[in-house]
Amino acid sequence: MAQAAIDRAGLDDLFGVLVRRGYTLVGPTVRDRAIMLEELDSTAELPAGWTDVQEGGTYRLARRDDDALFGHNAGPNSWKSFLFPSELRIWTARQSADGGLEVTEDDTPAPRYAFIGVRSCDLHAIDVQDKVFLDGGYVDQDYRRRREGAFIVAVNCGQAAATCFCVSMDTGPKATSGYDLALTEVLDDGGHSFVVEVGSERGAEVLAELTHREAAAAELRAAERAIENAATGQTRSIDTDGIKDLLYRNREHPRWDDVADRCLTCGNCTMVCPTCFCHTVEDVTDLAGEEAERTRLWDSCFTLDHSYIHGGSVHGSTKARYRQWMTHKLATWIDQFGTSGCVGCGRCIAWCPVAIDITEEAAAIRATDLVAEAERNTHADDR
Ligand code: SF4
Ligand code: SF4
C-alpha cells in the first residue's frame with residue numbers, strides 16, 4: 001500500500017493495540033493549566049480542541065476552533081521525565097548479621113512505555129540523550145531498559161509556537177527518523193484523520209493490527225501543508241554557522257554581564273530542557289544506621305554545588321553559570337557528543353521567569369563578535 005491513513009476511530013484502535021501489547025501509554029493531556037505528558041488510559045484524555053500560546057516567560061492554554069488532538073507545541077515536561085526520571089533509587093544497603101554491608105542495586109523493571117505524540121525536536125532530544133547515556137564508556141542501565149522498551153508514535157507539527165526554532169537547528173518540524181509510527185493530523189471538510197508513516201518493523205506490525213486504508217491524495221496534500229505551516233510559522237532562529245568557535249572566542253563578551261544582570265539562576269531552563277542530563281546523588285540512612293539508600297536526582301548547572309570542588313565553586317558567579325550553560329548547549333556539547341545540545345524546542349524561553357531567550361543571546365554575541373571577521377582574516381593572512 002502507498003502511504004496509509006487512519007480515521008479518528010483508528011487512534012482509539014492504536015491505543016487498544018498498544019495496551020494489549022503490554023505498553024503503558026504516555027501522551028499529552030491538560031493538567032494544571034498546561035499540556036503535560038502523563039500516563040493515559042484513552043484518547044479521551046488527549047487535549048482535544050486545546051492549544052498553547054507561548055512567548056518569552058509566557059505559557060497559556062487557549063481554545064482552538066476545531067477538535068485537533070495534537071494542535072499544540074512543546075509543553076513544560078518532556079519525554080526525559082520518563083526515560084531519565086527526576087528521582088530514581090539506585091541502591092539500598094543493609095547491615096548484615098556479621099556486621100558487613102549488603103548492597104542491592106535497584107533493578108526494578110522499568111515500564112514499557114508507548115510515547116504518543118513525540119515531536120520531531122523531541123525525537124532529536126531523545127537521540128541526544130541516547131548519545132549521553134548509551135554511547136559512552138558508561139552505559140546507564142536504567143535508561144537503557146526504559147529506552148529499549150519504548151514504542152514511539154511521533155506526531156508531525158502542524159503549527160509552530162512563537163518560541164519554536166527547530167528549523168534553524170535542523171531538527172524539525174517533520175519527523176524523519178527515530179519513531180515506530182509517525183502521524184500527521186488532518187482536519188478539514190473531509191473529516192478528522194491521520195496520515196501514517198511507518199518507521200520500524202514493530203511499527204508495521206502495529207499498523208497491520210489497525211483498521212487503516214490508503215491515504216487520499218487530498219489528505220496527503222493537507223498533511224504536507226500542515227508541516228509546511230509549522231516550518232514557515234517559526235519566527236525565532238539561531239544562526240548555527242560556526243557557532244562553536246563564535247562562543248569559544250567570545251568568552252569575555254560583555255553580553256555575559258548583561259544576561260547575568262537578568263538571570264535569577266533558578267535553573268528552570270535546565271529542568272525543562274529535554275537534553276539536559278546533569279544529576280546528583282543523595283544518600284540517606286535510617287536512624288539506627290542499619291539501612292541506607294542512594295537516590296539519583298536531577299541537578300542543574302545553575303547551582304553553586306554543581307561545580308563545587310575542594311573548597312570552592314568553579315562557576316561562582318551568575319555570569320559564569322549562564323555562560324557555561326549556553327556554551328555547553330551550543331558549543332562544548334558538539335566536542336563532547338558530536339551534536340548540538342539544543343534541539344530548538346523553545347522550552348527554556350517560555351519557562352524562564354525573566355524571559356531570557358537563548359536565540360536572542362546567541363544573536364547578540366554574533367552581532368558584536370569580539371574578534372571581527374576582518375580581524376580574523378588578517379590573522380589568518382599573517383600566518
Ligand atoms: S536563564 Fe532564566 S530559567 Fe535559566 S537560570 Fe536564568 S532566570 Fe532561570
Ligand atoms: S536549550 Fe532551550 S530550546 Fe534548546 S533544547 Fe534545551 S530547552 Fe529546548
Side-chain angles (χ1 to χ4, degrees), residues 37 52 54-59 73-81 84 118-132 157 160-173 234-240 243-244 247 255-278 298-307 315 317-334 336-337 339-365:
L37 302 173
D52 44 37
Q54 305 194 42
E55 246 308 337
T58 301
Y59 179 101
N73 294 99
N77 67 339
S78 67
W79 310 96
K80 166 172 107 169
S81 307
F84 172 56
V118 186
R119 307 310 174 113
S120 182
C121 60
D122 279 345
L123 287 173
H124 283 266
I126 291 171
D127 189 52
V128 168
Q129 288 215 321
D130 285 355
K131 288 185 171 61
V132 174
C157 289
T163 43
C164 294
F165 57 100
C166 66
V167 171
S168 65
M169 302 310 291
D170 201 19
T171 56
Q234 299 194 10
T235 51
R236 281 179 162 84
S237 64
I238 287 185
D239 178 357
T240 57
I243 190 140
K244 188 179 87 168
L247 293 178
R255 186 72 184 192
W256 300 121
D257 292 303
D258 183 284
V259 71
D261 282 346
R262 291 172 279 135
C263 177
L264 309 173
T265 67
C266 65
N268 264 18
C269 46
T270 56
M271 297 294 115
V272 297
C273 180
T275 66
C276 278
F277 58 86
C278 286
W298 283 2
D299 197 6
S300 171
C301 54
F302 280 91
T303 66
L304 275 173
D305 280 353
H306 185 268
S307 65
H315 302 127
S317 66
T318 301
K319 171 183 170 179
R321 275 174 268 163
Y322 187 87
R323 179 176 56 195
Q324 108 73 31
W325 176 72
M326 189 172 124
T327 307
H328 191 208
K329 285 281 133 186
L330 298 173
T332 49
W333 206 295
I334 297 171
Q336 201 176 0
F337 301 111
T339 181
S340 172
C342 174
V343 295
C345 72
R347 288 183 176 93
C348 59
I349 302 170
W351 294 95
C352 173
V354 290
I356 291 172
D357 177 344
I358 188 171
T359 68
E360 204 178 298
E361 300 310 319
I365 288 173

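Numbering of ligands and ligand atoms starts at 1, following listing order.
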From atom 2 (Fe) of ligand 2, how many protein N/O/S atoms are found at a distance short of 2.8 Å?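 Atoms of protein N, O or S type lying less than 2.8 Å from atom 2 (Fe) of ligand 2 total 1.
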Please state which protein non-hydrogen atom is closest to [atom] and give its distance, to 0.1 Å?
{"atom": "atom 5 (S) of ligand 1", "result": "Gly267 N, 3.2 Å"}
{"atom": "atom 6 (Fe) of ligand 1", "result": "Cys263 SG, 2.3 Å"}
{"atom": "atom 2 (Fe) of ligand 1", "result": "Cys352 SG, 2.3 Å"}
{"atom": "atom 8 (Fe) of ligand 1", "result": "Cys266 SG, 2.3 Å"}
{"atom": "atom 7 (S) of ligand 1", "result": "Leu264 N, 3.2 Å"}

What is the ring orientation for Trp333 with Phe277, classed by angle as parallel under 30°, tilted 30 to 60°, or perpendicular over 60°? perpendicular
Closest contact, heavy atoms only, [X] versus [Y]:
{"X": "Ile358", "Y": "Tyr322", "result": "CA-OH, 4.2 Å"}
{"X": "Pro274", "Y": "Val343", "result": "CG-CG2, 4.2 Å"}
{"X": "Met169", "Y": "Leu330", "result": "CE-CD2, 4.3 Å"}

Test side-chain contact (heavy atoms from CB on, under 4.5 Å) applied to Cys276 - qualifying residues, sequence neighbours left out: Lys80, Thr270, Cys273, Trp325, Lys329
Gln324: side-chain contact (heavy atoms from CB on, under 4.5 Å) partners, not counting sequence neighbours: Cys301, His315, His328
Atom indices of ligand 1 within 4.0 angstrom of [X] heavy atoms, with elements:
{"X": "Thr265", "answer": "5 (S), 6 (Fe)"}
{"X": "Asn268", "answer": "3 (S)"}
{"X": "Tyr322", "answer": "1 (S)"}
{"X": "Val354", "answer": "7 (S)"}

Sequence neighbours excluded, every pair satisfying salt bridge (charged side-chain N to carboxylate O under 4.0 Å, His left out) that has a member inside residues 317-326: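 For residues 317-326, and leaving out neighbouring residues, the salt bridge (charged side-chain N to carboxylate O under 4.0 Å, His left out) pairs sorted by first residue read Asp257-Lys319.
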Quick check: does any side chain N or O of [X] sit under 3.5 Å from a backbone N or O of [Y], one acting as donor and the other as acceptor?
{"X": "Thr275", "Y": "Cys342", "result": "no"}
{"X": "Ser317", "Y": "Ala320", "result": "yes"}
{"X": "Trp298", "Y": "Phe84", "result": "yes"}

Which segment of Trp325 sits under 4.0 Å of ligand 2 when only heavy atoms are counted: side chain
May I ask you to list the atoms of ligand 2 that are less than 4.0 angstrom from any heavy atom of Phe165? 3 (S)
State whether a side-chain donor-acceptor pair under 3.5 Å links Thr359 with Asp357.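 Yes, because at least one side-chain N or O of Thr359 sits under 3.5 Å from a partner of the opposite role on Asp357.
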